[in-house]
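Just so we're on the same page: letters track the sequence lines, and every chain starts at 1.
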Amino acid sequence: MVFRNKTEFNDFGGEMPENESEIAVRSHDVLVTSGSSRAAEFDSLINLGAAVRLAINLRGMPPVRYDLLRNVAVHRLGLQPSEVRPAVEVLAEAEMVDLSTEGKTINTVIPHIPFFSDLYARLGEVGTEGHALNEHEQLTIELMQRLARRPQTRNDLNTLGADRKALNRVIEIGKTIGFVTTRRARGNDVYISPSYFAEDPQALADLAVTAKGTHLSRVLGLLKLHQGYPLRVIIETSELAGNRLDPIELKIIQTLASQGFLPPPAIRTKHAGENYFIFGPQPGVSRIAPNDVQVYRNALALVSAVRQGQFLSREYAIWNPQLLLQRFKERGYLRRNSEAPEQYRAVVQLGIARLVSTGGNQARLELIRDKDNERTVDLAIKLVRGSTGQPMPDEELMLAMKQGEEYVEPLLARKSLADCDIVAADRDSIAAIDQFLLRGVS
Amino acid sequence: MIKDRNLKEMLYRHFRAQGWMAQIEVPIATEKGVSKNAPQVTDIDVLGIRPSGELKWQLVIGDCKTRRKESPVNRVLWVRGLQEAMKATSSIVLLKREANTSIKRDHKLFADNLGVLLIEEDEFGAYDRAIVYPAGSSGHGESVDAIDGLRNDVGSKFPALKEFTQWVMCDAWATIDHAILLRRILGRMRDVRGELDPRRNDHLALILEAASAFGIPFATLVGNVFRGHLKPDQRALLEDAVRTIVWGGREQYDFFNALRKQLIAAKGRDPEEKLALPKWDDFLELLRSYLEAPHLAFKTPQLLRNVGIGVVTGESAAALSRIDDRMLLHLALRLTIYVCRAAELPADTVEIVKKIFTSRIDSLVQTSNNPRHQNQMQTELAMGNSNKDFK
């Protein structure tokens with residue numbers, strides 16, 4: 001069944017995502033978590049997801065040969081060969097690339113992907129214009145939208161009001177190709193997306209059953225916006241960045257911190273003892289490239305150190321952590337401070353910066369300038385500002401593409417052939433195919 | 001007709017061959033004078049604008065004199081004054097001398113201490129070949145005649161464009177305040193948008209020349225933003241920084257914004273948006289793109305001058321073929337497109353400009369930086385040679 005518009009889908013019982021931006025972001029997440037697997041039901045959704053994936057990685061790029069881009073897209077970004085051209089055409093339609101062509105052959109792609117205007121909204125608008133999402137795709141988008149907020153129990157999903165058969169099929173596809181995982185917790189099925197919650201899905205499933213959905217959703221939302229606050233301060237004040245927390249929500253935060261799926265970094269100082277800093281769940285594979293996981297963890301350590309100075313300083317409190325980190329990145333150092341040695345110990349141990357003694361008990365924190373450390377500071381700034389949850393480009397690949405083909409080819413050589421698994425059709429489809437073959441044969 | 005043409009040609013080529021921007025006969029007038037039409041104070045024979053390592057422009061004043069009895073040291077003192085007035089980094093005084101009236105060595109040392117190179121026409125060839133090693137700049141593609149031709153021909157054939165041509169190719173270059181210059185170029189272009197026909201090569205060259213002139217204050221802005229904020233990924237941060245710079249400070253911006261608001265309100269309408277440059281979103285995107293490689297902003301005006309003169313002399317393909325940097329070409333194209341859209345030039349201007357640049361970008365992307373292609377070419381060459389040997 002294909003719905004021509006949002007009203008039709010809502011009449012059917014579904015809740016279409018409110019904006020095109022949401023559709024584009026979720027399509028991207030489905031594509032990335034699916035790896036090389038594809039479902040026959042997905043068409044426009046994969047095209048759109050592929051266009052978003054290309055756009056994110058083409059931002060700020062010089063003009064590039066189409067066949068090189070195709071290789072990069074297939075071997076590095078996980079697109080299937082036949083998906084690249086439609087994705088590039090969506091980008092061209094959205095006026096985000098110019099194409100130099102000879103007849104129907106694309107020679108060169110000249111990207112001008114916007115930095116500030118909402119590329120997701122624009123791609124969502126273009127990608128669904130004239131290629132309406134089918135029933136399964138729409139349900140998938142809505143499912144992903146819900147899973148991005150918190151894990152869902154079967155009862156939660158029943159409130160979608162969607163056709164049971166279609167919902168079961170979408171979940172089956174999701175489990176097979178990887179954008180949904182299921183856990184049994186306290187006798188319930190709990191659905192989690194690895195795209196949004198990378199750490200310990202079993203513990204999260206348990207929490208999703210024990211905590212009331214809206215409380216968990218609110219806590220996870222607040223933690224994403226206010227990253228790295230000291231647990232002690234949250235518990236003592238019963239609030240997080242000015243947002244009042246009720247006892248259930250405080251309990252959820254304590255559980256999140258203690259059950260091992262949000263392992264909080266800790267800092268020990270003589271004046272404030274040992275303190276834990278709590279972050280939103282680590283984003284999954286569609287948000288962080290595997291080689292960036294360490295950068296992410298380093299950024300958590302840096303943010304914790306800065307939050308320590310903001311909330312638990314002995315004498316000199318940090319009044320604007322974002323500005324402080326910005327200055328740290330620009331100047332390459334933080335002014336000398338007697339609290340620095342204890343506050344930034346973990347940052348030094350991780351090789352992000354060094355402490356230079358300036359006499360007495362004072363030390364200056366100096367950034368060790370390299371690509372990863374600069375990205376660590378960038379990511380820390382983003383975390384302090386409040387996670388936007390936007391997917392990150394593959395920095396290694398972007399750098400290689402900027403430098404030229406000889407840098408790209410070694411990256412591509414790591415994988416020579418693209419795989420494609422097709423998800424087995426559902427029973428009804430198999431029956432229909434058999435029927436078609438039988439009738440064709442007769 | 002250019003006075004002291006040969007000397008100016010030598011200096012112009014010398015500057016351009018080093019990758020600098022240059023302009024001939026730039027009139028200097030008092031910017032904040034009392035007269036309605038400020039009289040010209042003097043003019044700079046050849047003004048060189050070169051990029052510094054700190055992402056800033058540096059001015060170099062070129063002074064040429066063929067009057068054989070001109071006192072060299074007096075000329076040095078005069079040019080030093082001009083250097084101060086223009087906040088220039090250095091100067092070159094190029095003089096034609098009579099036999100047995102060579103410049104005294106002590107006068108040269110005196111000039112050098114003041115940041116002025118004092119040199120005779122006869123010595124300049126050796127100097128030029130040493131700086132632009134080894135061939136010198138005499139073979140550099142552009143001539144002052146092409147610049148002068150564009151400036152005078154468009155002005156005389158199209159009187160409505162005369163003032164704009166004179167301004168963008170001469171007067172504008174004396175504006176030291178690049179924030180004012182950035183705004184004025186767009187304003188002046190919008191004044192003449194109804195006169196420009198991009199299907200004419202001379203008009204297209206003038207458009208590219210205007211984009212080139214715009215590229216100079218734009219590069220200053222890129223350097224300024226980069227030094228202060230590196231590569232902001234928040235629109236609000238970049239917007240705030242740029243607004244303040246472009247309008248000459250927060251206070252001035254607030255004043256202009258309030259004034260604009262009152263003027264629009266007086267006409268019975270509600271100002272929907274804040275005061276900003278035309279196509280503000282595009283401007284911010286363009287600026288952000290340049291922040292990925294800010295040094296390229298300091299190469300863009302030179303490239304656009306090259307292509308503009310190439311268009312009018314029928315050698316744009318040759319001019320572009322000397323550029324091997326696809327990112328530079330890409331950004332220069334985007335800057336030109338921005339200028340065309342912000343000035344509301346005829347819609348086909350963008351397509352015409354794209355066509356010029358895209359063919360070079362395409363050929364560069366297809367051939368350069370492609371080891372397989374290079375290997376293939378080398379193999380083909382080797383085979384061609386061996387076949388020849390065999391025959």
Side-chain angles (χ1 to χ4, degrees), chain A residues 58-69 71 95-102 105-119 122 322-323 326-327 329-332 374 377-379 381-382 385-386 388 390 392-393 398-410, chain B residues 226-239 242 279-294 296 324-335 337-338 350-351 353-355 357-375:
Chain A
L58 275 176
R59 192 184 265 149
M61 283 290 152
V64 59
R65 266 196 5 251
Y66 173 70
D67 54 356
L68 175 66
L69 179 65
N71 282 339
E95 296 181 351
M96 292 186 190
V97 297
D98 279 327
L99 302 178
S100 167
T101 55
E102 266 177 35
T105 308
I106 301 174
N107 288 333
T108 304
V109 177
I110 306 172
H112 35 90
I113 313 289
F115 281 90
F116 303 118
S117 62
D118 189 348
L119 75 90
R122 178 80 188 124
Q322 191 183 328
L323 191 65
Q326 194 74 42
R327 292 271 181 273
K329 187 184 163 192
E330 287 163 17
R331 293 179 184 153
E374 285 182 356
V377 184
D378 279 338
L379 194 52
I381 293 169
K382 280 184 189 159
R385 198 188 296 145
T388 57
Q390 302 289 21
M392 288 161 64
M398 287 182 75
L399 184 64
M401 283 178 73
K402 281 179 186 169
Q403 286 175 321
E405 184 157 358
E406 64 267 43
Y407 296 91
V408 177
E409 291 202 332
Chain B
F226 185 76
R227 286 190 300 275
H229 307 273
L230 294 180
K231 300 192 283 181
D233 53 6
Q234 274 187 308
R235 182 194 153 106
L237 181 69
L238 181 66
E239 190 171 34
V242 174
K279 298 277 173 199
W280 183 236
D281 290 345
D282 292 356
F283 184 78
L284 291 178
E285 290 288 352
L286 176 71
L287 181 62
R288 182 60 188 77
S289 301
Y290 265 102
L291 292 174
E292 289 293 307
L296 295 181
D324 291 332
D325 188 333
R326 61 194 166 132
M327 191 65 174
L328 172 61
L329 285 163
H330 180 211
L331 290 172
L333 169 63
R334 291 190 61 184
L335 181 134
I337 291 173
Y338 168 74
V350 168
E351 289 314 311
V353 170
K354 269 188 185 175
K355 205 173 162 188
F357 280 82
T358 307
S359 64
R360 174 61 184 156
I361 290 174
D362 198 19
S363 81
L364 204 56
V365 169
Q366 296 302 316
T367 55
S368 70
N369 231 350
N370 180 346
R372 245 178 325 202
H373 179 89
Q374 284 162 6
N375 290 342

In Å, rounded to the nearest 0.5 Å, how long is the span from CZ of A:Arg65 to OG1 of B:Thr367?
9.5 Å
Side chains of A:Asp98 and B:Thr358, heavy atoms from C-beta outward: is any pair under 4.5 Å?
no
Please find the pair of heavy atoms, one from A:Gly60 and one from B:Met327, that lie closest to each other, and give the distance.
O-CE, 3.4 Å
If you measure from CG on B:Asp362 to CD on A:Glu102, what distance do you get to the nearest 0.5 Å?
7.0 Å
What do the steps show when you test B:Ser289 against A:His112 for side-chain contact (heavy atoms from CB on, under 4.5 Å), and what is the final call?
CA-CA 8 Å; B:Ser289 301; A:His112 35 90; over 6 Å; no
Are any non-hydrogen side-chain atoms of A:Phe116 and B:Leu238 less than 4.5 angstrom apart?
yes
At a heavy-atom distance under 4.5 Å, which candidate from A:Ile381, A:Ile110, A:Ile113, A:Asn107 has the highest pair count against chain B?
A:Asn107
Under 4.5 Å to a heavy atom of chain B? For A:Asp378 that would be neither
Distance-minimising heavy-atom pair for B:His229 and A:Gln326
O-NE2, 4.4 Å
Taking the side chain as every heavy atom from C-beta outward, state whether B:Lys231 and A:Phe115 have any pair of such atoms under 4.5 Å apart.
no
To the nearest 0.5 Å, tell me how far B:Ile361 CD1 sits from A:Ser100 OG.
9.0 Å
Taking CD in A:Glu95 as the centre, count heavy atoms belonging to other residues, nucleotides or ligands within less than 6.0 Å. Is the count above 12?
no
Which of the residues B:Glu239, B:Arg235, B:Arg288 is involved in the greatest number of heavy-atom pairs with chain A at under 4.5 angstrom?
B:Arg288
Short question: side chain of B:Arg326, backbone of A:Pro63 - any donor-acceptor pair under 3.5 Å?
yes
To the nearest 0.5 angstrom, please state how far the CD atom of A:Gln322 sits from the CG atom of B:Leu237.
8.0 Å
